[in-house]
Amino acid sequence: MDLINNNFCGWTRQLPERSNFKLLDQDIYCDYLIVGAGYTGLSAARKLSDIMKDKKIILIDAQLAGEGGSSRNSGYLVDTTLNDGFTSNSDKENYVKKTKIYHLGIEAVRKFIKEYQVDCDWNECGKYFASSKEQDETKAQSFSKLLNSLGFKNKILFNKELTEKLGTPFYKIGVFTSGGILLNPGKLARAMVDTLPDNVKLYENSQIYNWKKINNKIECFTKKHKITTKKIIFCTNGFLKYLNVKKNYSFPITLTASLTRKLTDKEFKDIGSPKEWGVLPIRPMGATIRMTKDRRILIRNTAELRNPFFNE
Ligand SMILES: Cc1cc2nc3c(=O)[nH]c(=O)nc-3n(C[C@H](O)[C@H](O)[C@H](O)COP(=O)(O)OP(=O)(O)OC[C@H]3O[C@@H](n4cnc5c(N)ncnc54)[C@H](O)[C@@H]3O)c2cc1C
């Protein structure tokens, strides 16, 4: 297979290039400024515009809206998770709270794609938690027990069944959960940008470097211009501390993933023509692997501390 390795995002490369973006080219004023236009900022803008119809709302991003982590992820909408510190029985209450949040998130995305007829390759195909190590059976069994006690449908699978379902003999043990959705995150983020309400003004490639509060106004600065706002909402994910907010709460990490070209008919047939699937790791920081709807293989397997915007 040819190796194509560059800085583009495999998901957004499949979409038409954007040409309608606007840079901040003058000093402006607004009622609400939302900094960061990933899923969080785009959702905040939509909600705010709904409840504050007559207010001037500005959404600003240092890069193209939605094309940071929100387009560059593995595209799982999960209903349950493993390896998140909430899977021991003593923490069941917190685990349940978390799954309720996942449920709300899934329903919000479902409502959005239905309302705007968004094609984002939505597939309610469930997901696998799997490992290539036989000794992880104990962990798989106890996860399955937890899911059973909470009413989440699941099944333990061994190498033979996993090979049939996934087209690779790599995995020795797995838990299949029928809840959970796979989608194309680039398509979802792009749809959220394209359907922004009229009273939200979006500026892109416009990074906020600093801000200060003066009486009841907030002044925010890009390299050349100033935005004066009454209220500010930070949706910058791991970059929060670079704006001097909650400096000890978050930090950016870079996860790296690759997406192959489409498998040829022969390649696809050779692995048993599997249906679209997604595997999450049983071990912490293990790889996430997907066979996409259009027969590409996605592998997300490295993580490093790095900040693409600032040199520390
Ligand atoms: C490889 C990978 C795989 C993942 N897989 C999944 C998955 O399968 N399922 C899942 O649910 N989650 C997954 N995630 C996590 C998910 O992508 C993030 O949780 C989600 O994108 C966060 O959205 P956000 O809007 O909060 O942040 P982001 O998408 O990071 O958006 C923040 C935005 O803020 C902007 N910004 C930052 N600082 C400034 C500034 N000073 N001025 C202006 N703009 C600024 C950035 O440019 C960026 O666009 C994955 C993440 C990665 C990296």
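Each ligand, and each atom within it, is numbered from 1 in the order the structure gives.
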Is F129 close to T80 at the side-chain level, that is, under 4.5 Å between some pair of heavy atoms?
yes
Begin from the C-alpha positions of R46 and T195 and carry the test side-chain hydrogen bond (donor to acceptor under 3.5 Å, both in side chains) through to its verdict.
CA-CA 9 Å; R46 180 174 302 282; T195 60; 2.7 Å; yes
Would one find an N or O of Q207, backbone or side chain, under 3.5 Å from an N or O of ligand 1?
no
Do you see a donor-acceptor pair shorter than 3.5 Å between the side chains of S131 and K139?
no
Those atoms of ligand 1 less than 4.0 Å from some heavy atom in G36:
33 (C), 34 (O), 35 (C)
Proximity to ligand 1 by part of F239, non-hydrogen separation under 4.0 Å:
side chain
Evaluate the side-chain proximity of L183 to D121: yes if any heavy-atom separation is below 4.5 Å, no if none is.
no
Would you say S74 and ligand 1 have an N/O pair spaced under 3.5 Å apart?
yes
Electrostatic pair K56:D31 at N-O distance under 4.0 angstrom
no
Have a look at L182 and tell me which of M291, K293, R290 forms a side-chain contact (heavy atoms from CB on, under 4.5 Å) with it.
R290
With heavy atoms only and a cut-off of under 4.0 Å, state how L77 meets ligand 1: side chain, backbone, both or neither.
neither
Counting only nitrogen or oxygen atoms and a 3.5 angstrom limit, does G66 reach ligand 1?
no
Indicate, as side chain, backbone, both or neither, the part of P185 found under 4.0 angstrom from ligand 1 when only non-hydrogen atoms are considered.
neither
Taking only heavy atoms of R300 into account, list the atoms of ligand 1 that are under 4.0 Å away from them.
1 (C)
Which of these, T236, D61, T256, T40, has its nearest heavy atom closest to atom 35 (C) of ligand 1?
D61
Per the side-chain contact (heavy atoms from CB on, under 4.5 Å) rule, which among W11, F112, W122 passes with L188?
F112
At under 4.0 Å between heavy atoms, which part of T288 makes contact with ligand 1: side chain, backbone, both or neither?
neither
Any side-chain heavy atom of V35 within less than 4.5 Å of one from C220?
no
Out of all atoms in ligand 1, which are within 4.0 Å of some heavy atom of Y76? Include the element for each.
7 (C), 8 (O), 9 (N), 10 (C), 11 (O)
Any nitrogen or oxygen of I208, main chain or side chain, under 3.5 Å from a nitrogen or oxygen of ligand 1?
yes
Any idea which atoms of ligand 1 are less than 4.0 Å away from a heavy-atom of G38?
25 (O), 29 (O), 31 (O)
Is A62 close to ligand 1, meaning an N/O of one under 3.5 Å from an N/O of the other?
yes
Tell me yes or no: between the side chains of Y102 and T81, is some donor less than 3.5 Å from an acceptor?
yes
Looking at D265 and R295, is there a salt bridge between them, counting it only when a charged N and a carboxylate O are closer than 4.0 Å?
yes
Below 4.0 Å, non-hydrogen atoms only: which portion of R72 touches ligand 1? Side chain, backbone, both or neither.
backbone
I'd like to know whether NZ of K165 has more than 12 heavy-atom contacts from other residues, nucleotides or ligands below 6.0 angstrom.
no
Among G68, G75, G278, C235, the residue with a heavy atom nearest to atom 32 (C) of ligand 1 is C235
Answer yes or no: does an N/O atom from N237 fall short of 3.5 Å to an N/O atom of ligand 1?
yes
